[in-house]
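One structure is given below, encoded as structure tokens.
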Number of protein chains: 2
Amino acid sequence: MTEESKKLPHPVIRRLPKYLARVHELLHAEVEWVSSQELAEALNLTSSTVRQDLSYLDLTGISKRGYETSSLDAALNKELDSSSHHHIVIVGAGYLGCALAVHGSFAGHGFQTCGIFDIDPSIIGSRVGILKVQPMKNLQQIVDKFGVDIGIIAVPAAAAQEVADQLVAAGVKGLLNLAYASIQIPAGVSMLDARILASLQELAYMIKSKNEETADG
Amino acid sequence: MTEESKKLPHPVIRRLPKYLARVHELLHAEVEWVSSQELAEALNLTSSTVRQDLSYLDLTGISKRGYETSSLDAALNKELDSSSHHHIVIVGAGYLGCALAVHGSFAGHGFQTCGIFDIDPSIIGSRVGILKVQPMKNLQQIVDKFGVDIGIIAVPAAAAQEVADQLVAAGVKGLLNLAYASIQIPAGVSMLDARILASLQELAYMIKSKNEETADG
DNA sequence: TAGATTGTTAATCGATTAACAATC
DNA sequence: TAGATTGTTAATCGATTAACAATC
């Protein structure tokens with residue numbers, strides 16, 4: 001409440017997970033120190049941006065050596081709040097929802113999946129990894145029981161807004177929207193679009209504009 | 001080559017798919033016109049930003065009515081190059097790779113999945129929707145046959161860079177990286193990170209900072 | 001010590017917003 | 001016509017980069 005509440009610029013926030021991914025690689029390779037220059041090269045940034053970004057973190061580098069990878073890992077996790085545990089529910093037990101539910105690596109990074117839900121009676125009750133697909137009427141109960149703070153929306157576009165409303169009503173604090181739909185949420189809740197199709201479209205633009213670049217002088 | 005090559009700012013590019021998602025909803029609801037103000041509300045932007053963004057497109061609005069949804073749809077698709085067909089391969093036939101392979105909606109938006117690959121002999125040959133999991137040695141052949149321009153990396157982090165290299169060597173022009181790893185690519189190729197875990201981490205930060213906001217006066 | 005690298009300030013660059021004439 | 005909305009310019013705001021003193 002007193003200090004520490006310097007709000008990071010959004011571009012910085014989006015880069016933090018990329019630093020974290022890189023740091024995990026370095027830790028895995030048992031690299032103990034990394035310089036801003038090396039990080040910049042790995043993430044396609046300038047070293048200046050890297051130092052500026054890391055200056056927001058609870059961390060200090062050392063001249064001539066750089067940043068200690070283990071401290072960097074800790075500082076990034078602290079800032080991203082992925083050191084504390086987050087509890088997730090997934091709504092929509094289609095291919096994508098199920099893939100995320102059984103996806104092993106979330107748990108290792110502080111995100112525990114506590115339930116998967118659907119409205120289709122024919123799949124309710126079926127096993128998805130260690131979970132069982134539940135009907136929506138159980139949502140509130142699971143959210144309360146586990147203190148779920150994040151809901152993943154993995155339903156068809158037409159159902160996305162209604163599911164968002166239900167998740168918000170159940171008390172979830174953040175929504176990750178994978179559906180191809182625009183979602184409205186109240187002010188106290190956070191929402192992030194993470195649609196693969198949108199990424200493909202963005203990538204297609206990047207490819208096109210790179211082509212044009214090479215085409216003319 | 002002559003005109004038309006005004007390069008859009010990256011923030012604009014990232015918003016275009018969101019406009020497109022919204023426009024699809026409007027088309028579905030048979031709404032024929034939409035104003036910058038209405039789009040702004042749906043996407044949480046200012047109407048000024050919306051008009052600025054749309055001014056990059058091959059489209060003109062009409063005073064008092066706004067933008068025609070069907071023209072907007074066409075203009076967005078044209079700019080994003082998702083009107084022309086893109087051909088995709090997926091590397092990694094785990095849960096996520098398979099989920100994307102059978103995911104119906106890509107095809108309807110101009111992205112056709114032409115193959116799914118893995119190195120695990122025990123799953124090579126198994127069916128994934130209408131596709132069959134193929135060994136990596138077939139990659140080049142499929143890329144050539146279909147003119148594949150996009151590769152999706154859906155393998156464990158440790159294998160991601162090698163897969164990226166193979167995709168680039170096969171002639172793919174853009175990579176969508178779903179793996180929790182930093183990938184290096186040559187200058188002529190485009191790459192976009194689209195990791196669900198990174199989105200969860202970003203969302204966790206958003207939740208945390210919204211909490212702090214409300215916590216102090 | 002000399003050289004490399006951080007942390008931070010100031011300068012530059014770019015994106016968003018405000019404002020308003022043009023127009024339907 | 002009057003009012004609403006676009007398209008665009010200029011002003012503001014914010015992010016990135018350059019530069020350099022401090023330091024290991």
Side-chain angles (χ1 to χ4, degrees), chain A residues 3-19 22-23 26 31-72 74-76 79 202 205-206 209, chain B residues 3-19 22-23 26 31-72 74-76 79 202 205-206 209:
Chain A
E3 30 147 4
E4 117 142 42
S5 288
K6 38 186 175 176
K7 194 128 163 230
L8 311 212
H10 208 90
V12 178
I13 299 164
R14 266 202 313 272
R15 283 193 293 267
L16 295 189
K18 303 199 182 201
Y19 290 115
R22 181 63 186 153
V23 167
L26 294 171
V31 174
E32 280 179 51
W33 295 88
V34 63
S35 70
S36 57
Q37 182 57 43
E38 287 164 335
L39 283 170
E41 273 159 28
L43 304 198
N44 233 326
L45 303 168
T46 66
S47 69
S48 202
T49 300
V50 172
R51 288 198 301 282
Q52 186 86 282
D53 286 355
L54 301 190
S55 75
Y56 288 106
L57 304 180
D58 183 8
L59 168 88
T60 125
I62 293 183
S63 295
K64 246 188 127 170
R65 282 201 268 182
Y67 305 87
E68 205 176 6
T69 46
S70 58
S71 315
L72 194 45
L76 285 163
E79 188 63 40
E202 187 183 335
Y205 179 90
M206 290 163 69
S209 65
Chain B
E3 30 148 2
E4 116 144 42
S5 290
K6 39 186 172 175
K7 194 127 163 228
L8 313 212
H10 209 90
V12 178
I13 299 163
R14 267 202 313 273
R15 283 193 292 269
L16 296 188
K18 303 198 183 205
Y19 290 115
R22 181 64 187 152
V23 167
L26 295 170
V31 174
E32 280 180 54
W33 296 87
V34 62
S35 70
S36 57
Q37 182 58 43
E38 287 164 335
L39 282 170
E41 274 159 29
L43 303 199
N44 235 326
L45 303 168
T46 66
S47 68
S48 203
T49 300
V50 171
R51 288 199 300 283
Q52 186 86 283
D53 285 355
L54 301 190
S55 76
Y56 289 105
L57 303 180
D58 184 9
L59 167 89
T60 126
I62 294 183
S63 294
K64 248 188 126 167
R65 282 200 269 182
Y67 304 88
E68 205 176 6
T69 47
S70 59
S71 314
L72 194 45
L76 285 164
E79 189 63 41
E202 186 182 337
Y205 179 91
M206 290 164 69
S209 65

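Naming: A, B, ... by sequence-line order, numbering from 1 per chain.
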- Task: Would you check if the side chain of B:Tyr205 reaches a backbone N or O of A:Leu8 as a donor-acceptor pair within less than 3.5 Å?
- Result: yes

- Message: Students often get this wrong, so: under 4.0 angstrom with heavy atoms, is A:Ser48 touching a base, only sugar-phosphate, or nothing?
- Response: base

- Any N/O donor-acceptor pair, B:Ser63 side-chain to C:dT23 base, under 3.5 Å: yes

- Taking all non-hydrogen atoms of both residues, which atom of A:Ser36 and which atom of A:Arg51 are closest, and how far apart? OG-NH1, 3.2 Å

- Task: May I have the distance from B:Arg51 (atom CZ) to C:dT16 (atom C1'), rounded to whole angstrom?
- Result: 12 Å

- Message: Nearest to the side chain of B:Tyr67, heavy atoms from C-beta on, is which of D:dG7, C:dA4, C:dT23?
- Response: D:dG7

- Item | Watson-Crick or G-U wobble mate for C:dA15, both contacts under 3.5 Å | D:dT12

- Query: C:dA4 P sits how many Å from A:Gln37 CD, rounded?
  - Reply: 13 Å

- Task: Ignoring the backbone of B:Gln52, work out which of C:dG7, D:dT6, D:dA10 is nearest its side chain.
- Result: D:dA10

- Which sits closer to the 5' end of DNA chain D, B:Ser55 or A:Lys64, going by the nucleotide each is nearest to? B:Ser55

- Message: Assuming nearest nucleotide by heavy-atom distance, tell me which of A:Leu45 and A:Arg65 is located more 5' along DNA chain D.
- Response: A:Leu45

- Message: Rounded to whole Å, how long is the line connecting atom CG of A:Leu72 with atom C1' of C:dG7?
- Response: 15 Å

- Calculate the interatomic distance between B:Ile62 atom CD1 and C:dA22 atom C1'; express it in whole Å. 14 Å

- Could you please name the option among D:dG7, C:dA15, D:dT23 that lies closest to any side-chain atom of B:Thr60? D:dG7

- Task: With rounding to the nearest 0.5 Å, note down the distance linking CG in B:Asp58 to OG in B:Ser71.
- Result: 10.0 Å

- Task: Whole angstrom is fine here: how far is it from CD in B:Glu38 over to P in D:dT6?
- Result: 9 Å

- Task: Calculate the interatomic distance between A:Asp53 atom CG and C:dG7 atom C1'; express it in whole Å.
- Result: 13 Å

- Counter-base of D:dT23, judged by Watson-Crick or G-U geometry with both distances under 3.5 Å: C:dA4

- Query: Would you say A:Arg15 reaches D:dT16's phosphate, i.e. side-chain N/O to OP1/OP2 under 4.0 Å?
  - Reply: yes

- Could you please name the option among C:dT16, C:dG3, C:dA15 that lies closest to any side-chain atom of B:Thr49? C:dT16

- Item | Exercise: identify the closest heavy-atom pair between B:Val50 and B:Tyr19 | CA-OH, 3.4 Å

- Task: In whole angstrom, give the distance that lies between atom CD1 of A:Ile13 and atom C1' of D:dG14.
- Result: 13 Å

- Rounded to whole Å, the CH2-C1' distance (A:Trp33 to C:dT5) equals 12 Å

- Query: Which part of the nucleic acid, if any, lies within contact of A:Thr46, taking any heavy atom under 4.0 Å across all strands shown: a base, the sugar-phosphate backbone alone, or nothing?
  - Reply: sugar-phosphate

- Message: When you measure from the side chain of B:Thr69 to the backbone of B:Glu32, do you find a donor-acceptor pair of N or O atoms at a distance under 3.5 Å?
- Response: yes

